[in-house]
Amino acid sequence: LTVLAPKDAIELRNMLYTVVKEHKGPVAVRFPRDNAVNAETYPPFAHIKPTQWETLHQGEEALILAYGAMVDAAEKALPILASKGIQVGLINARSAKPLDGELLAHLVNNAKRPIITVEEGCLAGGFGAAVLEWAAAHRIQTLRSGGRKPAEQSPIYCLGVADQFVEHGARKILLDINGLSPEKIAEFVRSLV
């Protein structure tokens, strides 16, 4: 099973176009029940690699791996952080299963900056948990293959919805309550650097 989440309406169109045309096997595509970002433009369909993550911004002090609709909130957090002199990288992690292991290996092995996963879903068993599991398995594999202590890994922090009942309400309010608004994301990243 492939599990995808587009960052905006354009990527949703291109994901569906690509997987219907080329993908073998079941695919789940997750998107929010709110207004779509970039829904006002309709460029021609384009082939994308839906399981390959996309680097949107470079930054040396921290790195955000945003899943799906949280890319928009993370992008809005970047100027808030930049105004405080904090340069943060941003990855559009559009695939939760499979993870982009090649890119993730490069990112996790850069112990100079913390990695923050941001997802709109439940933390227990979600995207951030998958990244943590991947990092642990990668560390064990490195130990077994090299027979030596692996390089230091980046610390990984997960932002998402706690494993508890979330009251019904407007998405914007619920995101803020759960620490997923641009302001709350920026505040969390500032606490790390």
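The residues of the chain are indexed from 1 along the displayed sequence.
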Yes or no on side chain to side chain contact (heavy atoms under 4.5 Å, CB included) for Glu61 and Gln87, after CA distance, side-chain angles and deciding distance?
CA-CA 6 Å; Glu61 296 178 72; Gln87 299 303 313; 4.1 Å; yes

Let's go through Val71 and Val118 carefully: what are the C-alpha distance in whole Å and the side-chain angles of both, what is the deciding distance for side chain to side chain contact (heavy atoms under 4.5 Å, CB included) to 0.1 Å, and is it a yes or a no?
CA-CA 8 Å; Val71 171; Val118 183; over 6 Å; no

If you apply the rule side chain to side chain contact (heavy atoms under 4.5 Å, CB included), what do you find for Leu104 with Trp134, and how did you get there?
CA-CA 9 Å; Leu104 199 49; Trp134 186 95; 3.6 Å; yes

Could you walk me through whether Ile64 and Ile91 pass the side chain to side chain contact (heavy atoms under 4.5 Å, CB included) test, one step at a time?
CA-CA 6 Å; Ile64 297 174; Ile91 303 289; over 6 Å; no

Please determine whether salt bridge (Lys or Arg N to Asp or Glu O under 4.0 Å) holds for the pair Lys76 and Glu183, giving the CA-CA distance in whole Å, both sets of side-chain angles, and the decisive distance to 0.1 Å.
CA-CA 8 Å; Lys76 289 176 179 171; Glu183 296 77 18; over 6 Å; no

Kindly determine whether Glu22 and His47 satisfy side-chain hydrogen bond (donor to acceptor under 3.5 Å, both in side chains), including the steps that lead there.
CA-CA 10 Å; Glu22 299 176 5; His47 174 271; 2.8 Å; yes

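When side chains are defined from C-beta on, Leu63 does not count as touching Pro114, because their heavy atoms never get closer than 4.5 Å. The shortest side-chain heavy-atom distance between Arg190 and Leu81 falls under the 4.5 Å cut-off. The shortest side-chain heavy-atom distance between Ile80 and Glu187 does not fall under the 4.5 Å cut-off. By the 4.5 Å heavy-atom criterion applied to side chains, Lys112 and Glu60 are not counted as neighbours. Annotation: side chain of Glu75 is in contact with side chain of Leu90 (closest heavy-atom distance under 4.5 Å). Considering only heavy atoms from C-beta on, Glu11 comes within 4.5 Å of Ile48 through its side chain.
The two residues Pro182 and Ala77 come nearest to each other via the heavy atoms O-CB, 3.4 Å. The two atoms that bring Met15 and Pro50 nearest to each other are CG-CB, 4.2 Å, heavy atoms only. Residues Ala129 and Cys158 approach most closely at N-SG, 4.5 Å, considering heavy atoms. A pairwise comparison of heavy atoms in Val193 and Ala62 identifies CG1-CB, 4.1 Å as the closest pair. In terms of heavy atoms, Leu159 sits closest to Gly179 at CD1-O, 4.4 Å. Residues Pro6 and Arg30 come closest through the heavy atom pair CD-O, 3.3 Å.
At least one donor-acceptor pair closer than 3.5 Å links the side chain of Trp53 to the backbone N or O of Ser95. Checked by atom type and distance alone, the side chain of Arg13 never pairs as donor or acceptor with a backbone atom of Asp8 at under 3.5 Å. Ser154 places a side-chain N or O within donor-acceptor distance of the main-chain N or O of Arg113, the cut-off being under 3.5 Å. Between the side chain of Lys184 and the backbone N or O of Asp176, at least one donor-acceptor pair lies under 3.5 Å. Formation of a donor-acceptor pair under 3.5 Å by the Glu119 side chain with backbone atoms of Phe127 is found in this model. A donor-acceptor pair under 3.5 Å is formed between the side chain of Asn14 and the backbone N or O of Ala46. Side-chain N or O atoms of Gln52 include none that pairs as donor or acceptor with a backbone N or O of Asp100 at under 3.5 Å.
By the rule that hydrophobic residues join a cluster once side-chain heavy atoms approach within less than 4.5 Å of another member, Leu99 and Ile140 end up as members of separate clusters. Transitive grouping of hydrophobic side chains (ILVMFWY, heavy atoms separated by less than 4.5 Å) keeps Ile115 and Tyr157 in distinct clusters. No continuous path of ILVMFWY side-chain contacts below 4.5 Å connects Val161 to Leu123, so the two sit in separate hydrophobic clusters. Residues Tyr42 and Val20 do not share a hydrophobic cluster, defined by chaining ILVMFWY side chains whose heavy atoms lie under 4.5 Å apart. Both Leu78 and Met70 are members of a single hydrophobic cluster when ILVMFWY side chains are connected at heavy-atom separations under 4.5 Å.
The salt bridge (charged side-chain N to carboxylate O under 4.0 Å, His left out) check on Glu54 picks up Lys7, Arg94, with sequence neighbours excluded. A search for side chain to side chain contact (heavy atoms under 4.5 Å, CB included) contacts involving Val27 returns Thr2, Leu4, Val19, His23, Val29, not counting sequence neighbours.
Surrounding NE2 of His106 are at most 12 heavy atoms belonging to other residues, nucleotides or ligands under 6.0 Å away. The number of heavy-atom neighbours closer than 6.0 Å to CD of Glu167, taken from other residues, nucleotides and ligands shown, is 12 or below. Counting non-hydrogen atoms of other residues, nucleotides and ligands closer than 6.0 Å to CZ of Phe188 gives a total above 12.
Applying the side-chain contact (heavy atoms from CB on, under 4.5 Å) test between Leu65 and each of Asn92, Ile156, Ile116, Leu107 identifies Leu107 as the sole match.
To the nearest 0.5 Å, atom CD1 of residue Ile177 and atom NZ of residue Lys172 are 13.0 Å apart.
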